[in-house]
Protein chains: 2
Amino acid sequence: MELRQLKYFLKAKELLNFTEAASALFISQSTLSQQIKQLEDELQVPLFNRIGKRITLTEAGDLFAVYAQQSINKASDGLQLLKDLNKLETGKVAIGVTYALRHVVTKALILFSSEYPKIQFEIIFGTSQELIHKLNHFQLDVILTFEEIASEAHFKYLELFTSPMALVTSSETALKNKKTISLEEISTLPLAMPAGGFSTTQFISKAFEKSNLHPNVTIEINDIPTLLELIKTGKWHTILTKTTIENENDLYAIPISGKNMTRTAMLISLKEVYEKKAVKAFLKIMVENLK
Amino acid sequence: MELRQLKYFLKAKELLNFTEAASALFISQSTLSQQIKQLEDELQVPLFNRIGKRITLTEAGDLFAVYAQQSINKASDGLQLLKDLNKLETGKVAIGVTYALRHVVTKALILFSSEYPKIQFEIIFGTSQELIHKLNHFQLDVILTFEEIASEAHFKYLELFTSPMALVTSSETALKNKKTISLEEISTLPLAMPAGGFSTTQFISKAFEKSNLHPNVTIEINDIPTLLELIKTGKWHTILTKTTIENENDLYAIPISGKNMTRTAMLISLKEVYEKKAVKAFLKIMVENLK
DNA sequence: TTTCTAAATCGGTTTTATCGATTGATTATA
DNA sequence: TATAATCAATCGATAAAACCGATTTAGAAA
């Protein structure tokens, strides 16, 4: 049993397709096939069912995968630890962010990189679900998003701040003098909203449902900068957390009245995984600069 | 980084002597020396101090050893788990049953679990169609039901026993002295029958049709225990396989006369899917105790 | 100094991981 | 229903690497 074989196995498990897994691993299909077979021989039990040309995990494969992953993780944690020993002169940080929290990351990024210029960053924007999936697959070190309904036991959560849900509108609009606005008022306005995958959209849809209101959504779009551009025309309005348009000129956020109309920004990371020094340092700078 | 190298490293760390470590690992000193060097190259940091001809651990080596050991442990935990799986000290078994064959499963379950108490069971009752659907979706390991008209190529079938279709009636009834009963006689009696989804009901409906008889069904019900309760009042009769009321007091089964009035109990599982050891052992006990 | 010992290094051998091509089988399609 | 496309397994060949014995290097002991 070698880490190489465990890595191959997990990729095959993930894709359930030897050909694709092999190409993702930059090896030939025959090599993957042979290495899996060799692993199975050593373990004395098949890890995959071969049903025709399709493969599925066996019970053994399913159970073993957990340990294979942990074994790999421990080894790479050890590697990471040694890199950290080099006093943050090397290392990569992968951070997932929901778009709404963009400015929180960029601000910290600017501060951090002037202090530790050699650290590499990968900033991934995506929906909460996408980011959580990537976190679970060890593709991200930490994610920054709003609270989820279901908290999971293998995650570590850190609350950052709360931000009200708000109607976002252009400065041209007559609405701009209002201090708050109700869902009922909003339901009369033409709305352009983030697409269904965005947690903000899901959050606000539920709120409308509860109030038996039907919002007038004429546009759904999965790119926030484009959405904001449309809002700036004054022809549509949208609903976002207030923090989303921080640092945006020409846009106003009018908090929505009513209970539970705030969201909590959180840092989510995996428990029991070695936390990189660079990540720790970056998050420290980020939290310190939340105002 | 490979588990082999981690193992070498830990042994060298333990003995702090490459020559002895090599011989403990049944490899040559030169091989050990090379492999350690290769690991150090990959980690970009020395794990040992070479003070003259003596070696000591570096800080990096000391810190890294923890993770190296954990990585190896996780891999060997996984291996141990698979061994346990083979010894039936772990594992899950999911079995689908039609209600008529209930007692076959419960009897085997009691015997099996006293021998292998650590195996978890999921017993799913349902109609044949429901169970076959679940089997096809890998939600069940095996199902126990009566023969289907259409046998499918990707299933494995094992015949268990045959049981006659029978009129089920309460002990109070005058019918109880009859040895057999015809469909024609039955068609005059008030019947409470399992609902249309049950294969027994489908089976018996076809038999009535063929004989141009119209049964007097006054109740249809999709729960067999409730059905049996009604039968015990003596106000209705029903038609089931004889085996269904095995171990039921106060109920009599009068076999129905005529050809093809028996049903065959079968085990159905998926071909070309790894059969869990626990499933195999359970079925063995079940088949051995069929009377 | 000499001797001894242990790690590093060198050159050669064996093992094995890998590849491309092919096969056999299943699924998709026309 | 025949045909094409797809996928895992297998085969033979090759490149990579793990490994060994012999030798070198250098510190420690005599």
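Worth knowing before you read on, the calculation uses all heavy atoms, side chains too, and leaves out hydrogens, waters and symmetry mates.
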Look at the side-chain N and O atoms of [X] and state whether any lies under 4.0 Å from the OP1 or OP2 oxygen of [N].
| X | N | answer |
| --- | --- | --- |
| A:Ser28 | C:dG20 | no |
| B:Ser30 | C:dA8 | no |
| B:Arg50 | C:dA8 | yes |
| B:Asn17 | C:dA7 | yes |
| A:Ser33 | D:dA8 | no |
| A:Gln29 | D:dT6 | no |

Residue whose nearest DNA chain C nucleotide is more 5′ - B:Leu16 or A:Leu32: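 Nearest nucleotide further toward 5': that of B:Leu16.
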
Residue closer to the 5' end of DNA chain C, A:Gln34 versus B:Gln34 (nearest nucleotide):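 First, find each residue's nearest nucleotide; the 5'-ward one identifies B:Gln34.
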
Rounding to an integer number of Å, can you tell me how far [X] [atom1] sits from [N] [atom2]?
| X | N | atom1 | atom2 | answer |
| --- | --- | --- | --- | --- |
| A:Arg54 | C:dA28 | CZ | C1' | 11 Å |
| A:Ile55 | C:dA25 | CD1 | P | 19 Å |
| A:Lys37 | D:dC7 | NZ | P | 22 Å |
| A:Ile51 | D:dC7 | CD1 | P | 16 Å |
| A:Gln35 | D:dA9 | CD | C1' | 14 Å |
| A:Met1 | C:dA17 | CE | C1' | 18 Å |
| B:Leu39 | D:dA18 | CG | P | 11 Å |
| A:Phe18 | C:dA25 | CZ | C1' | 15 Å |

Geometric class of the A:Phe9/A:Phe64 ring pair [parallel <30°, tilted 30-60°, perpendicular >60°]: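 A:Phe64 vs A:Phe9 ring planes: tilted.
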
Parallel, tilted or perpendicular, as decided by the 30° and 60° cut-offs, for the rings of A:Phe112 and A:Phe282: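 It falls in the perpendicular class, over 60°.
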
Closest listed nucleotide, where the reference is the side chain of A:Tyr8 and the choices are C:dT18, C:dA17, D:dC7: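 Nearest listed nucleotide: C:dT18.
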
Rounded distance [0.5 Å steps], CG in B:Leu101 versus CZ in B:Phe161: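 Interatomic distance, B:Leu101 CG to B:Phe161 CZ, rounded to 0.5 Å: 5.0 Å.
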
Between [X] and [Y], do the side chains contain an N or O donor and an N or O acceptor separated by less than 3.5 Å?
| X | Y | answer |
| --- | --- | --- |
| B:Ser28 | B:Ser30 | yes |
| A:Gln70 | B:Lys74 | yes |
| B:Thr244 | B:Arg102 | no |
| B:Lys107 | B:Asn289 | no |

Degree of bending, the helix from C:dT1-D:dA30 to C:dA30-D:dT1 (end axes from five pairs; round to 10°):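 Answer for the end axes of this duplex: 30°.
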
B:Thr98/B:Ser128 under side-chain contact (heavy atoms from CB on, under 4.5 Å): CA gap, chis, key distance, verdict: CA-CA 7 Å; B:Thr98 49; B:Ser128 293; 3.8 Å; yes

Sugar-phosphate, base or nothing in reach of A:Phe48, heavy atoms under 4.0 Å: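 If one applies the 4.0 Å heavy-atom cut-off, A:Phe48 turns out to touch nothing in the nucleic acid.
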
